[in-house]
Amino acid sequence: MSRHVIRPFEEADLRAAAGLLAQRHKDHRKRHPLLPAEYEDEQLALVEVTAVWESESASGAVLTEGDEVTGYLLAAPKTSPVWGPNIWVESAGHAVREPEHIRDLYAAAATKWVDDGRIAHYVLVPDDAELIDAWFRLGFGSQHAHAIQPALTTPLPPRDLVVRRAAREDIAVLAELDLVLPQHQGLSPVFSAGDMPTLEEALADWEESIDDQDYATFVAEYNGQVIGSSIGCSLEKSSSHTGLARPDNAGFLGFAAVLPDVRGLGAGRALGEAVLQWSADTGYTSVVTDWRVTNLLSSRTWPRLGFRQTFHRLHRLIGY
């Protein structure tokens, strides 16, 4: 192995890091051509790396071999208490010529993070098997999936189901369904600690937003009763899919839920297909969604619908 040196990331490293990121993204798009092509350009990749570097409390490391930077790692915390005492490596926060070197970079950078009390570590990693394996061997596990597929689809006729656009008279059941997903995510094996709205808050929100034309809300009926809902919108509405993880001209399957006692009828798939069809009719090229990989329902339904995972959000909690 060639000898390498690891040191703290400096502003002068931005351009070299952008070159590594542009190459990583070019390789990633060979597997997922629907991802945005512009970040294969080093100048635009530089914008993304610079944004990470300029984030509040950002820090990281670079790896050099001779005079050449061949890897970097950058991270910054998020202020939301949902993530604990955290540090985040976003999609533009790392690139290496040799996947194994991400382990050396993390070993250097994480010293400061843990010394600062940031023990909840998150990283968004492309679906590169060697790179994911290197992160796994650092003690990280898979937590969340980002996925994409073309907007065009051939829906299967849902047996005994009617799928239609939601109307104002559906507000009561839409509010109930708003609680179904976080309730399910709080159960085993997800154990999510996300915020749970009250039914009154959900009702008030739907009273205000039911006519918002930026969102397409669908409901599934069985025997004349609404049993599930889904929501589609522009991907630009999502703060979780940005930069390299945000395809151009994409729709977003942002929400879907089915009442627990009527699952298994195909309503989830039918509601997902409704958003795919709406996205195609609206003129979007692709559709993006995401899910907790420990959510057994969504992690099986969406891949069966055709979604292919592009990024893995990995997580490690230090000291427990």
Side-chain angles (χ1 to χ4, degrees), residues 9 13-53 60 62-63 68-75 88-103 105-106 122-138 140-151 235-236 238-253 284-291 293 299 302-303 306-315:
F9 194 102
D13 298 316
L14 285 169
R15 190 163 295 279
L20 290 167
L21 181 63
Q23 183 59 53
R24 192 203 79 188
H25 191 62
K26 183 177 181 179
D27 293 339
H28 196 192
R29 289 194 68 251
K30 292 176 182 177
R31 300 187 297 278
H32 300 284
L34 290 169
L35 289 173
E38 56 263 34
Y39 297 109
E40 293 183 17
D41 184 327
E42 290 188 18
Q43 287 300 116
L44 293 178
L46 177 61
V47 173
E48 293 298 302
V49 181
T50 301
V52 178
W53 171 244
V62 293
L63 183 147
E68 186 179 12
V69 173
T70 59
Y72 77 94
L73 176 64
L74 272 175
W88 278 76
V89 183
E90 298 282 10
S91 61
H94 63 112
V96 286
R97 194 164 293 169
E98 296 292 335
E100 179 67 15
H101 286 165
I102 202 67
R103 285 159 42 88
L105 285 163
Y106 176 79
Y122 302 85
V123 56
L124 201 60
V125 185
D127 66 328
D128 178 311
E130 291 187 34
L131 189 57
I132 291 171
D133 177 68
W135 281 104
F136 277 5
R137 287 183 288 114
L138 286 165
F140 283 77
S142 183
Q143 184 188 53
H144 205 84
H146 292 220
I148 190 171
Q149 73 168 89
L235 187 59
E236 294 181 358
S238 170
S239 61
S240 299
H241 300 267
T242 59
L244 286 77
R246 176 176 286 180
D248 299 321
N249 190 38
F252 182 44
L253 173 54
Y284 292 121
T285 306
S286 64
V287 181
V288 167
T289 196
D290 58 84
W291 61 85
V293 296
S299 66
W302 302 140
F307 283 98
R308 294 181 59 215
Q309 192 165 345
T310 52
F311 285 91
H312 299 247
R313 188 173 83 204
L314 309 182
H315 174 50

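All residue numbers in this chain count up from 1 along the given sequence. Only a predicted model underlies this, so the values are computations on that prediction, with no experimental measurement involved.
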Point to revise | Evaluation steps, side-chain contact (heavy atoms from CB on, under 4.5 Å), between L314 and F136 | key: CA-CA 8 Å; L314 309 182; F136 277 5; 3.8 Å; yes

Exercise for review: Step through the shown structure and confirm whether more than 12 heavy atoms of other residues, nucleotides or ligands are within 6.0 Å of CD on E38.
Suggested key: yes

Review point. Would the number of heavy atoms belonging to other residues, nucleotides or ligands and lying under 6.0 Å from CZ of R29 be above 12?
Key: yes

Euclidean distance, [Y] [atom2] relative to [X] [atom1], rounded to 0.5 Å:
X	Y	atom1	atom2	value
F140	H312	CZ	NE2	14.5 Å
L235	T242	CG	OG1	9.5 Å
E42	L20	CD	CG	8.5 Å
H241	D290	NE2	CG	3.5 Å
L131	I102	CG	CD1	6.0 Å
R313	E90	CZ	CD	9.5 Å

Closest approach of [X] and [Y], non-hydrogen atoms and distance?
X	Y	result
P36	P247	CD-CA, 3.7 Å
A18	A45	O-CB, 3.6 Å
A245	S91	N-OG, 4.3 Å
G71	L105	C-CD1, 3.7 Å
V287	F307	O-CE2, 3.4 Å

Do [X] and [Y] have side chains that get closer than 4.5 Å, going by heavy atoms?
X	Y	answer
P303	W291	yes
V288	H146	no
P99	D133	no
P126	H25	no
L73	V89	yes
E68	R97	yes

Check your understanding: Where do F311 and H28 land on the ring-ring contact (aromatic ring centres under 6.0 Å, His included) test, with the steps shown first?
Key -> CA-CA 10 Å; F311 285 91; H28 196 192; 4.9 Å; yes

Practice item. Step by step, work out the side-chain contact (heavy atoms from CB on, under 4.5 Å) result for R246 and E236. Key: CA-CA 8 Å; R246 176 176 286 180; E236 294 181 358; 4.2 Å; yes

Check your understanding: Any Lys/Arg nitrogen of D27 or R24 sitting under 4.0 Å from an Asp/Glu carboxylate oxygen of the other?
Key -> no

Point to revise | Check against side-chain contact (heavy atoms from CB on, under 4.5 Å), L244 and L21 | key: CA-CA 10 Å; L244 286 77; L21 181 63; 3.7 Å; yes

Check your understanding: If only atom types and distance count, is the side chain of R103 paired as donor or acceptor with the main-chain N or O of R137 below 3.5 Å?
Key -> yes

Point to revise | Any donor-acceptor pair under 3.5 Å from H32 side chain to Q309 backbone | key: yes

Review point. For the residue pair Y122 and H315, does the interplanar ring angle fall in the parallel (under 30°), tilted (30 to 60°) or perpendicular (over 60°) class?
Key: parallel

Check your understanding: Would L74 and V49 satisfy side-chain contact (heavy atoms from CB on, under 4.5 Å), going step by step from the backbone distance to the final call?
Key -> CA-CA 8 Å; L74 272 175; V49 181; 4.1 Å; yes

Review point. For H94, which of Y72, Y106, W135 qualifies under ring pair (Phe, Tyr, Trp, His ring centres under 6.0 Å)?
Key: W135

